[in-house]
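Since this is a predicted model, take the numbers as computed values, not measurements. Chain letters run A, B, ... following the sequence lines, proteins first, then strands; residues in each count from 1.
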Amino acid sequence: MSNSYQPQKIEPKWHRIWKETGAHKTLQRSEKPKYYCLDMFPYPSGSGLHVGHLRGYVLSDVWARYEKLRGYNVLHPMGWDSFGLPAENDAIKRGIHPRTNTEKNIQNMKRQLEQIDAMYDWSREINTSSPEYYKWTQWIFLKMYKNGLAYRKLVPINWCPSCKTGLANEEVVNGRCERCETPVTKKNLMQWMLRITKYADRLLQDLDKVDWPEKVKTMQTNWIGYSEGAEVIFKAVSAKDEEEFDIPVFTTRPDTLFGATYMVLAPEHELTEKISSPSQEKEVQDYIERSRRVPEAERLAQVKEKTGVFTGAYAINPVNREKIPIWISDYVLLAYGTGAIMAVPAHDIRDFEFATKFHLPIREVICSPGAQRKKDSTPKEAYLEEGELINSGSFNRLSSEKAREKITERLHQRNLGKRAVSYKLRDWVFSRQRYWGEPIPIIYCERCGEIPVPEKDLPVELPQVEKYQPSGTGKSPLENIPEFVNTTCPTCGSPAKRETDTMPQWAGSSWYFLRYPDAHLEKVAFEKETMNYWLPVDMYVGGIEHAILHLLYSRFFTKVLYDQGYIDFDEPFQRLFNQGMVCKRSKRTGKVEKMSKSKGNVVNPDDLVEKYGIDTVRMYELFIGPAELDCEWQDQGIEGVFRFLKKTWDLIPKWEAKPGPEDTETKTRLHLLIRDVTERIEAFKFNTAVSSFMEFVNFLNRSEILARGVDKKTIETFLVLLAPFAPHFCEELWERLGHSQSIFKEKWPLYDPSLVEDRLVRIAVQVNGKLRGTLLLARDTPEEKAVEEARKIEKIRKYLEGKEIKKAVFVPSKIINFVTSQG
RNA sequence: GCCGGAGUGGCGGAAUCGGUAGACGCGCUGGACUCAAAAUCCAGUGGGGUUUAUCCCCCGUGUGGGUUCGACUCCCACCUCCGGCACCA
């Protein structure tokens, strides 16, 4: 047996042994309390994993192994998010069928993941694009459908011309497609929608229940976007035929109602054409047409310049009976509120800009309390604050707050309004006009209409086809496969057609965490009893990029299943941790950027594992910086942890050679190590946990320690602490120390608080706040004695000479500071 | 524009209930070992000044103020970078 540290020898050995003994198999049930530690599962990409992906997996594995040593029955599973755009686009690019390509990618990524030897229980591996799995994704869809949570609607949706599919709001970033950055356009399509808005309030409220980073909670809160106000009904008269319409608007400022000098409808608003006067009709039509064609990205870029057209029609302000003009403009969004607004230019920036441009009247109705009111002067900008009402009839001199209440009350009495809340969150566009996804299990029968596929007929399998490229027509490629499309109605047996849209990539990942605890169940998606043992997920580790999309959708699915009685919890992830991105200087751009193939700055872990071994790679991933922050990969940095492991490897036989008696100093150090490592793991400060191991080894490497040896118990405790970080390394040394059972069967050590407090403490002595010396004292030295000792120090005496001591500040175990008469 | 996070040696980063700034590591310098190199080991390493040397002194945590015996840490104003949202009525 060679004496030097050779990870290339010991790592494959333990990899094999762990596999053979089923070391990472999780007990389905156990007397032990459970711990569910979950990684966000990857989509199988062609380029494989780089060290940036590894960071999160290493982190969660250290955590999982730590919880295992603490005595939990730990579930730490892994699988593949293999349906959807990323996988499909990769396949199209390579000209390989998505199924073949996905299988190939999974093979490669699984090899890489097995290499890091995380304690994944691979017997629970799941794959969202396998029929055994997506059968249940379709089943959940049917549950939603039957409860009115899935519905079909013709809506103008976000359309990516490059991916040739509709997108959810969440998938549009700054007017561009999240995947390919192509500017998104609008398209009117019959879409399947999920009624996530019904859960808006609970998705918001229940954020209080979970232990998540504030940042993510804030992002979700803003996305859901709660506002409180009133719905106000304006009576409008068509300029065409005098027909009357109610136009409800939502406002957060009913106190400004008297200042409403015009109304604006979104161009797509259903009433625009009905109310336009014949003379304005052409202009209105043109405007609607233009705004439909302008891509979102372009519209956002031109935010400053307001555009709009007068409809020729008027509405009546319900509080003062004033007749105000109705305009249309794209600064009003159809999807928010009611798609129409009352415009109060004096107190809203956007309305102010619009009114200024089109010479519409601006009337002030709020003034700051106590301010002198100038008569009839046109304001230079909108006054947005609250204040005191003016020009508001009987509501004058009320505060904004009071007026909101009173005005809403009066509207309510007259049946012209009520209190209302509004959310930014919109229903989830769930249809994709693409091949690679779960077929939506619906059948259209000429006689019976829209019929859900009976549960016994699930899964509706995705057919094997030659031609899977998106068509761009607004129809999925499945449309061209008669064998798939043509079917019979499950109700009446007559010829019928299948829905050809597929589900978005987010469908499978919205519930996968429910599948791992019993991954291969055939009769049901999951069993309640199993759910009650394993769920919710105790720790969820993944990137911040899913702060809204995946996490919001998963919470929604969970709440739906909870409401229908399938599970007994309504939040899926108790604790969430977002690791930072790994960056590297890109030779191509010269900047430090997130690793990506296109930037040419990826580091492949395979080469590193070959050179240093996975334990070193694992420890460097942790040592590189604070886990929650982005970090910069430095090729030479890894040498440090490699040297640490090599040094430790060489030292252990030396310590062991003279198994000296426990000495107090070593014992104190060991207990400090136990305390620090435990606290730092708990706080997710893995980088400083690694430093504490280094400090400990540096201490035990001192010649006097080597001369007297180190007792075996100390070495063993050290190895147990290090095991979650460098599992092969510790398992091997554990065996060499004579143990026949795995180190992971040990118990996480506890520290003795009485040992970590030194009896002697070194305290700083300052004169006027500047350090002039130190003093070694017994921990409980009284102030008087400490000050006396401090004054005896020669240097201190020098500084105090000829000065009057005005004050001596004493902080036990920390500091003495003499304050003198003059500096 | 609004909200949030962060600015500390040549580099990654420690320390934040105010109490010895720079732990740990990379890199660098010098030395040991070697025919030589790699590896390893030892010493040094924030800037400036002073001394034969030991010592010692001054400055120093983005900038400018403030509170305090004492500020990387708290307060005010500002600068820079990063992230999120962005006509949401």
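Residue A:Lys685 is classed as a sugar-phosphate contact, given heavy-atom separations below 4.0 Å to backbone atoms only. No engagement by A:Ser422 is indicated, since no non-hydrogen atom pair under 4.0 Å with the nucleic acid exists. Among the heavy atoms of the strands, none lies under 4.0 Å from A:Arg680. Among the protein residues, A:Val264 comes within range of no part of the nucleic acid, since none of its heavy atoms lies under 4.0 Å from any strand. Nucleic acid contact class of A:Tyr799 (heavy atoms, under 4.0 Å, all strands): sugar-phosphate only. At the heavy-atom level, A:Ile341 lies under 4.0 Å from base atoms of the strands shown.
A:Val819 has its side chain within reach of A:Asn768: a pair of non-hydrogen atoms, C-beta onward, lies under 4.5 Å apart.
The heavy-atom pair separating A:Ala547 from A:Val216 by the smallest distance is O-CG1, 3.9 Å.
Ring centroids of A:Phe686 and A:Phe684 are separated by less than 6.0 Å, placing the two rings close together.
Relative ring orientation between A:Tyr331 and A:Phe354 is described as tilted, the plane-to-plane angle lying within the 30° to 60° band.
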Anything under 3.5 Å between a donor and an acceptor, one on a side chain of residues 786-793 of chain A, the other on a protein residue two or more places apart or in another chain? List them.
unit_1: A:Glu789; atom_1: OE2; unit_2: A:Lys785; atom_2: NZ; d: 3.3
unit_1: A:Glu789; atom_1: OE2; unit_2: A:Lys792; atom_2: NZ; d: 3.4

Contact pattern, 5' to 3', of nucleotides 20-28 of chain B - B, S or - by protein heavy atom under 4.0 Å: B--BBSSS-

Contacts under 3.5 Å, N or O only, protein and nucleotides 3-6 of chain B:
none

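Base orientation at B:G62 is anti, since its O4'-C1' glycosidic dihedral falls outside 90° of 0.
Considering only residues two or more places apart in sequence or on other chains, A:Ser400 meets the side chain to side chain donor-acceptor pair (under 3.5 Å) condition with A:Asp255. Partners of A:Glu682 according to the salt bridge (charged side-chain N to carboxylate O under 4.0 Å, His left out) rule, which considers only residues two or more places apart in sequence or in another chain, are A:Arg70.
For A:Lys306 against B:C87, a side-chain-to-base donor-acceptor contact under 3.5 Å is present.
Stem regions annotated for RNA chain B: B:1-7 with B:79-85, B:10-12 with B:24-26, B:27-32 with B:40-45, B:46-49 with B:56-59, B:62-66 with B:74-78, counting only runs of 3 or more consecutive pairs of Watson-Crick or G-U type with both contacts under 3.5 Å.
Annotation: of the two residues near RNA chain B, A:Asp351 and A:Gly625, the 5′-most nearest-nucleotide partner is A:Gly625.
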